Each structure stands twice: as structure tokens, then as C-alpha cells.
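Before any comments, here is the structure.
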There are 2 protein chains.
Amino acid sequence: MATIQDVAKEAGVSVATVSRVLNQHASVSAKTRAKVEDVIERLQYNPNMLGRNLRCSQSRMLLVLVPSISNPFYSKIVQGIEDIARRNQYNTLLCTTDSDVERENVYLDLLRNRMADGVISMDPAVDLANIRQLGEEYPVIQCCEYSETDQTPYVSIDNQTAAYKAVKHLLMMGHKKVAIINSDERFLYARHRKEGYLLALEEFDIPVDPHYLIHTDLHFESGHRAMKSLLGLEDRPTAVFAVSDTLAIGALRSIKEAGLKVPDDMAVVGFDNIPFASMMNPSLTTVAQPMYEIGCEAARMLIKRIAAPQDRVESIVMDYELIIRESTMG
Amino acid sequence: MATIQDVAKEAGVSVATVSRVLNQHASVSAKTRAKVEDVIERLQYNPNMLGRNLRCSQSRMLLVLVPSISNPFYSKIVQGIEDIARRNQYNTLLCTTDSDVERENVYLDLLRNRMADGVISMDPAVDLANIRQLGEEYPVIQCCEYSETDQTPYVSIDNQTAAYKAVKHLLMMGHKKVAIINSDERFLYARHRKEGYLLALEEFDIPVDPHYLIHTDLHFESGHRAMKSLLGLEDRPTAVFAVSDTLAIGALRSIKEAGLKVPDDMAVVGFDNIPFASMMNPSLTTVAQPMYEIGCEAARMLIKRIAAPQDRVESIVMDYELIIRESTMG
DNA sequence: TTGAAAGCGCTAACAG
DNA sequence: CTGTTAGCGCTTTCAA
């Protein structure tokens with residue numbers, strides 16, 4: 001394992017010169033440069049980033065906190081982050097928190113340890129007070145889930161309006177009994193989507209039935225279970241709005257197991273438009289989030305912030321789109 | 001940002017002592033330890049890993065190369081890797097290669113740059129000669145896809161027998177016309193699964209119809225397209241074996257769009273048993289790979305290898321299981 | 001255009 | 001049990 005010293009000695013120059021060649025400094029004569037490059041090639045020299053990172057006090061690493069990597073929604077966002085990171089010579093440290101505050105905190109140590117130059121947090125479990133304080137000390141971007149009360153920049157969509165439109169679509173199709181399978185309301189997006197749901201009901205003068213309000217996590221087993229309990233209701237709904245495609249997919253399965261037809265017996269709307277949504281049978285009506293672009297924007301914001309920590313970074317609200325498919329329009 | 005120097009000065013001890021406290025050395029008196037820990041707390045000191053890593057010449061980072069993070073098959077494996085890594089104080093550097101050799105090579109530079117202590121490669125696109133050479137210089141573990149000719153340790157399943165059993169299941173149900181949607185045969189697992197397919201056909205004295213052999217990538221759009229062309233055949237098959245659940249899911253969609261019934265008009269078997277497989281309508285018969293455990297084993301092997309690079313590490317062949325569901329058994 | 005030298009923050013001999 | 005010191009590999013003044 002050759003070091004910069006070896007290269008310098010072999011090329012008959014100082015380590016400073018080798019470093020300059022490595023970093024494309026203009027102030028190196030063509031001849032010297034050629035000589036050094038030749039030696040680098042011959043010795044198969046690879047700069048040791050551990051040394052460089054210490055010296056430069058940076059890791060060129062972006063910490064990305066996701067609740068789960070299994071949900072294709074997050075994978076898509078991560079793809080966007082990675083692409084932008086790579087283009088800016090950053091690497092991505094992807095960490096799965098399972099929405100566990102403690103685990104999340106361990107990962108945040110990577111920031112404090114200087115193993116990461118900044119963090120994109122998608123983790124709804126985040127201790128918000130914590131994140132805010134962190135945001136004052138380190139470059140932090142919130143993605144999808146965020147705190148309304150602090151200044152940490154975020155990228156998200158208008159969850160309330162999006163949910164409102166999804167539910168309105170069901171109501172316009174004549175449904176009077178619409179349930180919602182929501183996630184935990186400690187998450188802002190869950191609160192917002194519920195508000196949208198309520199707004200739509202109100203507009204159509206439909207009273208809220210508390211039995212139609214279910215809270216759970218995002219796994220499709222949970223969607224499956226939620227739908228099952230909905231189907232067991234005395235006065236069961238004719239349509240359901242699930243705040244995540246994974247939940248909706250679980251719900252579809254439940255309905256099929258009960259021998260019912262979608263959308264005739266039960267219409268279903270999901271949220272996110274993960275790639276699987278269009279492959280389902282029936283295909284899933286859903287609110288499409290621009291997942292990849294959300295990731296890209298978050299990464300751009302973070303990189304900007306790392307480069308100029310004191311600059312103000314504007315939060316971004318992205319567009320969404322209701323995609324109508326078979327699960328509501330047979 | 002306090003350094004170890006600050007702590008030492010403030011506590012009135014040497015940096016060596018602080019370092020000893022940090023690293024839980026037994027040889028520190030309780031009193032000194034308490035004093036130092038108190039200062040650490042007060043100064044909110046966090047050790048700078050950049051310094052430690054340089055000094056120790058390690059990054060405590062595991063490089064993980066996956067073709068794609070969108071395929072739940074890989075996400076599950078990555079979960080296993082991450083869990084084991086975390087338990088051993090390693091972090092995971094997850095990199096998506098898109099099966100692009102060049103991108104992969106850029107990521108492998110992270111090894112050469114000492115930004116990672118070892119690598120788990122699941123990338124079928126890997127330049128095999130390359131990986132072998134790398135394996136001589138660095139800790140490398142191959143996962144799922146591997147080279148038969150070199151000594152780099154791997155963890156995988158017996159793809160040939162697994163495919164054989166999957167196809168045999170179809171043949172036992174009376175199918176005489178069984179197609180295979182395979183991926184690129186530059187991948188060992190693709191060659192093995194095809195061999196298993198051929199073996200089963202041979203055992204049942206069924207001649208191979210070249211029209212029933214399709215090669216493509218793993219996206220479900222590709223499965224969708226492949227099935228469509230299969231359905232367009234003059235003498236179309238009555239069953240299909242897809243070498244990945246994603247392909248099978250695309251195929252299911254195609255069949256439904258053609259107005260045909262699964263499994264009556266067309267039986268479908270997938271491979272992997274990703275979580276979505278059981279949620280499909282109809283649910284998908286598939287070969288279950290122990291994805292999570294595969295990841296765990298790969299991580300264990302790598303960590304062992306990093307600790308003792310010269311020790312021999314045995315490759316592991318894991319079990320699989322054919323899971324029969326509605327897509328073949330109505 | 002180049003080199004000498006300092007130092008990023010940490011760990012680990014070695015000596016006491 | 002604790003301190004002194006060297007040095008991991010690199011970049012970057014500063015001076016020549």
C-alpha cells in the first residue's frame with residue numbers, strides 16, 4: 001500500500017507536489033505533473049482518504065436516516081439522494097432507524113463524530129426537539145416528515161390537500177362511507193392527511209364515524225389487519241383511503257380474502273405511487289409523490305448547506321398527482 | 001467542538017489518559033476515570049472518528065454493492081447485513097451499481113481509498129477477474145452471485161436444484177408447456193436456474209422449445225413485456241417460471257390484462273419470496289430464499305475476514321424452500 | 001514552480 | 001496508574 005511519501009520519493013519531488021498533482025492544482029509544471037502521474041500509475045497509488053479527511057476535517061459522507069428500507073417509497077427517495085450525492089463526490093451512509101428514537105440517536109452520533117458532514121432525516125420517529133438542536137449545530141435537512149415549529153429546512157408535499165383530493169375522488173364517485181387507514185398521528189404527515197380526509201367529508205356533509213378511523217404502522221400486514229377489522233364492522237364502509245400504498249396493498253389482499261370485489265364492494269385509494277401500485281390486481285389508485293425528485297432536492301439542499309452553513313436554505317413543497325386506476329374505477 | 005486535548009487540559013490529565021478512558025482501558029483509576037468522564041460530559045465532547053480512523057488505519061465501514069435498492073430482495077439482504085454490522089460497530093456504505101461495471105469500479109475505489117474495510121458484492125455485473133484480484137488484496141465476500149472459478153468466499157443457495165424443484169412442481173401439476181423468464185446468462189445464478197429448468201424438463205421427457213426461453217433484466221416492466229410476448233405465441237405455454245418475483249409480478253399483470261386467469265390459463269412461479277409475493281392477487285408461488293439470513297451470514301463472514309485476513313473463510317450454501325400459493329394452485 | 005514543515009485528532013509504545 | 005512522544009497520511013501555509 002503505497003503512500004504519498006513513496007510516490008514523492010520515487011518521483012524525486014516533495015509530498016507537497018504530489019498532493020498538488022492529486023488535487024489538480026494549476027501551479028505544477030507539465031513535466032513534473034507527468035512524472036508524478038507516471039509514478040502514481042506505476043506504484044498503483046491510491047490516496048488514503050483517512051488522511052485527507054482528517055486533514056480537511058470532512059468525511060464527504062451524507063447521513064441518510066430512513067425508517068425502513070423495505071418500503072419502496074423510501075428506496076425511491078434514496079435513489080434520488082444517492083444520484084445527487086454521487087455527482088457531488090459525496091457518499092451516502094444509509095441508516096435504517098425502524099422509527100426507533102434510540103437507534104436514530106446512535107446514528108446521529110455519526111454527525112457528532114464527524115463521520116458524516118450532514119444528515120437527511122426522513123424518520124418520523126425523530127425526537128423533534130432533538131432535531132432542532134442538531135440543526136443549529138450541523139447541516140440537517142428534513143424529508144417528507146418535518147417539524148412545523150422549527151427552522152430546519154425540509155422538502156415535502158402538501159399532505160393535507162393531497163389527502164383531501166384523494167378522498168374527494170371517492171366521494172365524487174358516490175361513496176358515503178369512507179374509512180381511513182392512517183399511521184400514527186405523532187407524525188405530521190399523518191395528522192395532515194387526516195385533516196384532508198376530514199375536510200373532504202365536511203364538504204360533502206358526511207359525519208365522521210370514529211369506527212372508520214384506524215391507526216397503524218406502514219407494513220402491509222397492518223393494512224391487511226386494518227381492512228379485516230373494517231370489514232368486520234356492522235355498518236362497513238364502501239371505500240377506504242390508506243395513507244400509504246403498502247397499507248392499501250394489504251387492504252386489497254384482505255378484501256380479496258373476504259371474497260369481495262374491488263372496487264364494486266370496496267374502493268381503495270393509496271398514497272405514494274410506489275412502483276408496485278400499478279402492478280397490483282386491481283391496479284391501485286393513489287396519490288403520486290415525486291419520490292425520486294424529493295430525494296434529489298433534499299440532497300441538493302443538504303450539499304448547499306454543507307458548503308455554506310450560514311446561508312438560509314428555503315424549504316420546498318413539491319407537487320403530487322392523483323392517479324386513478326382500477327381500484328376505484330373498475 | 002472540543003478535542004481530546006481540551007478534555008485532557010480541563011481534567012488535568014494527559015491525552016493518553018483520556019484516550020484510555022474513551023477506549024475502556026482497565027488501567028485507569030476509578031477516580032481519574034470519573035474525573036475525565038465528568039469533563040467529557042461537561043464539554044459535550046465527541047471523539048473525532050476521523051482522527052481515530054487515521055490512527056488505527058481503519059474506517060469501520062462495510063461497503064455493500066447492490067445492483068438495485070428497489071428490488072425488495074436486495075433490501076431484505078441489506079437489512080441482515082446492517083444488523084450484523086451494527087452489532088459489531090461497523091457502519092454500512094450501501095452503493096447501488098445498477099449493474100454497471102464502471103459505477104461499480106468507482107465504488108470499489110472506496111476500498112482502495114481505505115474508506116471501507118471490506119466489501120460485500122451482490123452485483124452480478126461485477127467484472128469477475130476484477131473481483132478475484134480485489135479479493136487477494138482486500139476482504140471481499142460475494143453474496144448470491146459469485147464466481148465459480150476463484151477462491152473469494154460466497155454465500156448463496158443451490159440455484160440449480162431450487163429451479164429444478166420449482167419447475168418440477170409445475171410439471172407435476174400436468175403442465176407440458178412451461179416457459180422460463182430468465183435474466184441475463186452472464187450471471188451465474190441465471191445459468192444455474194436455467195440448468196435446473198432444463199433438468200426438470202428432461203426428466204419429464206419434454207423437449208425444449210426455444211420460444212419459451214426469454215432473457216431480460218429484473219424489473220417488472222420486463223416481466224410484463226416478456227409475458228406479453230409469450231402470450232402472443234402461436235402455441236403459448238400454460239405455465240411460466242420467472243427467476244425473480246419482480247418478473248413474476250410483471251407477468252401476472254400481463255396475464256390479467258390479456259383477460260386470462262391464473263392459474264387456470266397460466267400458472268406462474270416466481271423466485272425469492274419478497275414480501276409482496278404473498279400480497280399479490282393471486283398470491284405468488286415462489287422459491288423462498290432466506291434473504292435476511294443470507295445478509296447476516298455475508299456480514300459475519302466479512303467481519304471475520306477483516307479481523308483475520310489470512311484465515312480461510314468457508315463459503316456457505318443456504319437452504320431455500322418452495323412455497324406453493326394461488327398462482328399455481330388456484 | 002517547488003519544498004520544508006506544521007498539524008488535523010487520535011492511539012499506542014515506552015518509560016517511569 | 002499515568003505521561004511523553006511519535007506518527008498514521010494528508011493538505012497547506014510560508015518561504016525560496
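Each chain gets a letter, A, B and so on, in the order the sequences are listed, and its residues count up from 1. On a predicted model such as this, the values are computed, not experimentally measured, just so you know.
A 4.5 Å side-chain heavy-atom check between I303(A) and L62(A) finds at least one atom pair inside the cut-off. At a threshold of 4.5 Å between non-hydrogen side-chain atoms, the residues P67(B) and Y74(B) count as touching. Residues I40(B) and L22(B) have side chains in contact (heavy-atom distance under 4.5 Å, counting atoms from C-beta outward). Contact annotation: the side chain of I81(B) never approaches that of L302(B) to less than 4.5 Å [non-hydrogen atoms, C-beta and beyond].
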Could you pull out the protein-nucleic contacts involving nucleotides 3-5 of chain C (nitrogen or oxygen on both sides, under 3.5 Å)?
from: dG3(C); atom 1: OP2; to: S14(A); atom 2: N; distance (Å): 2.9
from: dG3(C); atom 1: OP2; to: S14(A); atom 2: OG; distance (Å): 3.2
from: dG3(C); atom 1: OP2; to: T17(A); atom 2: OG1; distance (Å): 2.6
from: dG3(C); atom 1: N7; to: R20(A); atom 2: NH1; distance (Å): 3.4
from: dG3(C); atom 1: N7; to: R20(A); atom 2: NH2; distance (Å): 3.4
from: dG3(C); atom 1: O6; to: R20(A); atom 2: NH2; distance (Å): 2.5

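For the residue pair V28(A) and V21(A), the shortest heavy atom distance occurs at CG1-CG2, 4.1 Å. Between S315(B) and T152(B), the shortest heavy-atom distance links the atoms OG-O, 4.5 Å.
The CE-C1' distance, from M49(A) to dT11(D), rounds to 13 Å in whole Å. Here dC10(D) presents its P atom at 14 Å from CE of M115(B), a figure rounded to the nearest Å. Going from atom CG of N113(B) over to atom C1' of dT11(D) covers 16 Å, rounded to whole Å. Rounding to whole angstrom units, CD1 of residue I4(B) and P of dG3(D) are separated by 12 Å. Separating the CG atom of L54(B) from the P atom of dA6(D) is a distance of 18 Å, rounded to the nearest angstrom. At whole-Å resolution of the value, CD in Q24(A) and C1' in dT1(C) are 17 Å apart. Y45(A) has its OH atom 7 Å from the C1' atom of dG9(D), to the nearest Å. For the pair Q5(B) CD and dC10(C) C1', the interatomic distance rounds to 9 Å; values are reported in whole Å.
Within the 4.0 Å cut-off from OP1 or OP2 of dT11(C), at least one side-chain nitrogen or oxygen of N23(B) is found. Residue R52(A) has a polar side-chain atom (N or O) positioned under 4.0 Å from OP1 or OP2 of dT11(D). Remark: S19(A) is not in phosphate contact with dT12(D), judged by side-chain N or O atoms under 4.0 Å from OP1 or OP2. For dT2(C), neither phosphate oxygen OP1 nor OP2 lies less than 4.0 angstrom from any side-chain nitrogen or oxygen of S27(A).
With dA12(C), dT12(D), dT2(D) as the candidates, the nucleotide lying closest to the side chain of R55(B) is dA12(C).
Between the CG atom in L110(B) and the SG atom in C95(B) there is a gap of 6.0 Å [rounded to 0.5 Å].
Looking at which nucleotide of DNA chain C each of H25(B) and G51(B) is closest to, the 5′-most match is held by G51(B). For the pair C56(A) and A30(B), both in contact range of DNA chain D, the more 5′-proximal nearest nucleotide belongs to A30(B).
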